[in-house]
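In what follows, a single structure is set out as structure tokens and then discussed.
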Amino acid sequence: VGYQQICSTEFIPLTNWRDTYRVDFFTWLMRSPVVREQVDDSVVFSTNSRQRIRPQTLLEIHIPLPPLEEQKRIAAILNKQMAAVEKAKQASEERLEAAEALPAAYLRDVFPSSEDELPAGWKWVKLGDVCDVVTGNTPRKTNPNYYGGDMPWVGPIFLGKQKFVYESQIHLTNEGQKVARVVPPGS
């Protein structure tokens, strides 16, 4: 669980381990590049969620096999190292979450909330008192004469998870600008 799995739609459990083999060693070995490359080369069907390999093909993969004591030593080292990696990843994720929270914290420090008393000289006004709202107009995508010019065009496709758009990959020609709703710079 939590690791990339090698499986078909039926899953391929590896069972009946011989007494001279350690499962924890094989858990790491099956994730190693030497095995993954052979598996990837043997995939017979792949979807976005699964790679499929024939069970017999999986059993034909060549693996490096040390003696049992060496397997035990390697597994112990990898268990310790991978635990450290997981701990580092968790710490990194926590730092990233803290960093992502910083902009909101900085903004809260600068701008008062509706419950706060305003600083001297500040006043509450409606957004409509300081600007206008303009809706856009998308030039027909089927008309190639509208696209490929110098004016950046921004539409809802640019938003995704972001709230502001700072640049555009799509540009309108002069003909496209006549059909679109052009807003002044700085809008």
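Values below: all heavy atoms of this structure, side chains included; hydrogens, waters and symmetry mates excluded. From a predicted model like this one, the values you see are computed outputs, not experimental measurements.
- Summarising the local packing, CG of Asp109 is surrounded by more than 12 heavy atoms from other residues, nucleotides or ligands at distances under 6.0 Å.
- Taking Glu70 as the reference, Arg73 meet the salt bridge (Lys or Arg N to Asp or Glu O under 4.0 Å) condition, with sequence neighbours excluded.
- Two residues are said to be in side-chain contact when any heavy atoms from C-beta on lie closer than 4.5 Å; Tyr146 and Gln177 fail this criterion.
- Panel note: side chain Ser92, backbone Ala88; no donor-acceptor pair is recorded below 3.5 Å.
- In this model, a donor atom of one side chain and an acceptor atom of the other lie less than 3.5 Å apart for Gln90 and Glu94.
- Looking at residues two or more places apart in sequence or on another chain, you find no side chain to side chain donor-acceptor pair (under 3.5 Å) involving Glu69.
- Linking Ile, Leu, Val, Met, Phe, Trp and Tyr residues whenever their side-chain heavy atoms come within less than 4.5 Å places Val23 and Ile61 in a single cluster.
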Test side-chain contact (heavy atoms from CB on, under 4.5 Å) on Val34 and Ile63 and set out the steps. CA-CA 8 Å; Val34 69; Ile63 58 170; over 6 Å; no

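- Here the shortest heavy-atom pairing between Arg36 and Met30 reads CD-O, 3.7 Å.
- Side-chain atoms of Leu172 and Pro139, non-hydrogen and from C-beta on, do get closer than 4.5 Å to each other.
- Nearest heavy-atom pair across Leu65 and Tyr21 is CD2-CE2, 3.1 Å.
- Of all the heavy atoms in Gln169 and His171, the pair that sits closest is O-ND1, 3.7 Å.
- Contact between Leu78 and Trp28 at its shortest, heavy atoms only, is CD1-CB, 3.6 Å.
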Check: Going through the checks in order, is the side-chain contact (heavy atoms from CB on, under 4.5 Å) test met by Arg54 and Leu58?
Finding: CA-CA 6 Å; Arg54 290 185 178 95; Leu58 182 62; over 6 Å; no

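- In summary, the side chains of Glu175 and Thr173 do not present any donor paired with an acceptor at a separation below 3.5 Å, with no hydrogens or angles considered.
- Once rounded to the nearest 0.5 Å, the distance linking CD of Glu37 with OG of Ser32 reads 8.5 Å.
- Put simply, CD on Glu100 and CZ on Arg95 are 13.0 Å apart, with the number rounded to the nearest 0.5 Å.
- A distance of 9.5 Å separates CG in Leu127 from CG in Asp132, rounded to the nearest 0.5 Å.
- Once rounded to the nearest 0.5 Å, the distance linking CD1 of Ile53 with CG of Asp40 reads 9.0 Å.
- Of all heavy-atom pairs spanning Thr138 and Lys141, the tightest one is CG2-CE, 4.2 Å.
- Side-chain atoms of Asp129 do not come within 3.5 Å of backbone N or O of Val125 as any donor-acceptor pair.
- One distance of note links CG of Asn174 with NZ of Lys178; it measures 7.0 Å at 0.5 Å rounding.
- Considering every non-hydrogen atom in both Leu118 and Pro112, the closest pair reads CD2-CG, 3.5 Å.
- Under a hydrophobic-cluster definition in which Ile, Leu, Val, Met, Phe, Trp and Tyr are linked whenever side-chain heavy atoms come within less than 4.5 Å, directly or via other members, Trp124 and Phe111 are assigned to the same cluster.
- Both Met82 and Phe26 sit in one connected hydrophobic cluster of ILVMFWY residues. Membership requires side-chain heavy atoms under 4.5 Å apart, directly or through other members.
- Within the 4.5 Å cutoff, side-chain heavy atoms of Pro66 are placed close to those of Ile74.
- Between Tyr106 and Val110, every side-chain heavy-atom pair lies at or beyond the 4.5 Å cut-off.
- Using modelled atom types and a 3.5 Å distance limit, the side chains of Ser113 and Asp116 yield a donor-acceptor pair.
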